[in-house]
Amino acid sequence: AQSVWGYDSDNGPERWHENYPMAKGDKQSPIEINSKEVRHDSCLSPWHASYDPGAAKTILNNGRTCRVVFDDTFDRSVLRGGPLAGAYRLRQLHLHWGSSDDHGSEHVVDGVRYAAELHMVHWNPKHGNFAGALKQPDGVAVVGIFLKVGKTPKPEMKRILEEIDNIKTKGKEAPFQHFDPSILFPKSRDYWTYHGSFTTPPCEECITWILLREPIEVSPDQMAKLRSLSKNGENEPVNPLVDNWRPPQPVKGRIVRASFK
Ligand SMILES: N/C(=N\S(N)(=O)=O)N1CCCC1
Ligand SMILES: [Zn+2]
């Protein structure tokens, strides 16, 4: 059977375009953010998240990431403002991380790779449903938060990482309720924004990216916890779930705007 896409040498980012042609598009993500080339846009308004903790449902290991899913059947947890028009519904959050602390993020800022990158995926209900939103340039908005290893870890990350023990292998899912992901936001609301794509196949170019400038801190053992997840299913040979990140893609003339000077 054709090897499904992944992050290994035989099915990794360099080969995704063979089955997913959009992966070679002109608006792909992630990208390298170069502070000297971004444009401060004073018209960019602040973004606002109003999330209902009751919308959190479950946490899942799908063999490629650790994902928390939310009830997005109505405007219950929404993101608005910033570069967005209207309210986008929070659907899920997930992470990308490395096999060591010196890499793991997807976006790279002035050459800095962070240990991990957290993505909060929202979609525009004016397009009916998530599948419809994927086909639209203003269909999806993803808030990206960089994670760096430090000595004052954010207690709120604990909640996600405590659940890791229950979802060690692919396909494992556990209830994950009463969780407001806005507690993960850093102090500063400063962000970069640009138009791009999903960083996994089929790599649809439907995303308004909102990347927060200020990273949040996690502890070394919190990173070790994340790296203890497995790609394999139960009773299969252990295949550690690490390095599930796509490298930066060509910017192709796109403008990256900054909400800050
Ligand atoms: N690639 C993705 N998000 S990301 N890494 O571009 O934020 N997703 C694929 C299906 C739903 C989210
Ligand atoms: Zn992601």
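Whatever order the structure lists them in is the order used to number ligands and atoms, beginning at 1. The basis for the numbers below is simple: all heavy atoms, side chains too, and nothing from hydrogens, waters or symmetry mates.
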Please identify which atoms of ligand 1 are closer than 4.0 Å to at least one heavy atom of His96.
5 (N)
Which protein heavy atom lies closest to atom 12 (C) of ligand 1, and at what distance to 0.1 Å?
Gln92 NE2, 3.4 Å
Going by distance alone, is a donor N or O of one side chain under 3.5 Å from an acceptor N or O of the other, for Thr169 and Glu234?
no
Pair Trp97-Asn244, side-chain donor/acceptor within less than 3.5 Å
no
What count do you get for protein N, O or S atoms closer to the Zn ion (ligand 2) than 2.8 Å?
3
Does the structure place the NZ or CZ of Arg91 under 6.0 Å from the centre of the six-membered ring of Phe130, at an angle of no more than 45° from the ring's axis?
yes
Suppose I only count heavy atoms of Trp209 and a 4.0 Å limit; which atoms of ligand 1 are within that range?
6 (O), 7 (O)
What protein heavy atom lies closest to atom 1 (N) of ligand 1? Include the residue and the distance to one decimal.
Thr200 OG1, 2.7 Å
Heavy-atom nearest neighbour in the protein, as seen from atom 7 (O) of ligand 1, with distance rounded to 0.1 Å:
His119 ND1, 3.2 Å
Would Tyr7 and Trp16 satisfy ring-ring contact (aromatic ring centres under 6.0 Å, His included), going step by step from the backbone distance to the final call?
CA-CA 10 Å; Tyr7 295 94; Trp16 290 350; 5.7 Å; yes
For the residue pair Tyr194 and Trp209, does the interplanar ring angle fall in the parallel (under 30°), tilted (30 to 60°) or perpendicular (over 60°) class?
parallel
To check your reading of the model: name the closest protein heavy atom to atom 5 (N) of ligand 1, its residue, and the distance in Å.
Thr199 OG1, 2.8 Å
Go through the side-chain N and O atoms of Ser230 and Lys170 and say whether any donor and acceptor fall under 3.5 Å apart.
no
Between Ser77 and Asp52, does the side chain to side chain donor-acceptor pair (under 3.5 Å) criterion hold? Intermediate values first, please.
CA-CA 5 Å; Ser77 291; Asp52 172 356; 5.8 Å; no
In this structure, atom 8 (N) of ligand 1 is nearest to the protein heavy atom Phe198 CD2, 3.4 Å
Got a sec, which pairs hit ring pair (Phe, Tyr, Trp, His ring centres under 6.0 Å) with one end in residues 58-86, sequence neighbours left out?
none
Around atom NZ of Lys252, are there more than 12 heavy atoms of other residues, nucleotides or ligands at under 6.0 Å?
yes
Under a heavy-atom criterion of less than 4.0 Å, does Trp123 contact ligand 1?
no
Side chains of His96 and Glu106: do they bring a donor and an acceptor to under 3.5 Å?
yes
Heavy atom of His94 under 4.0 Å from ligand 1?
yes
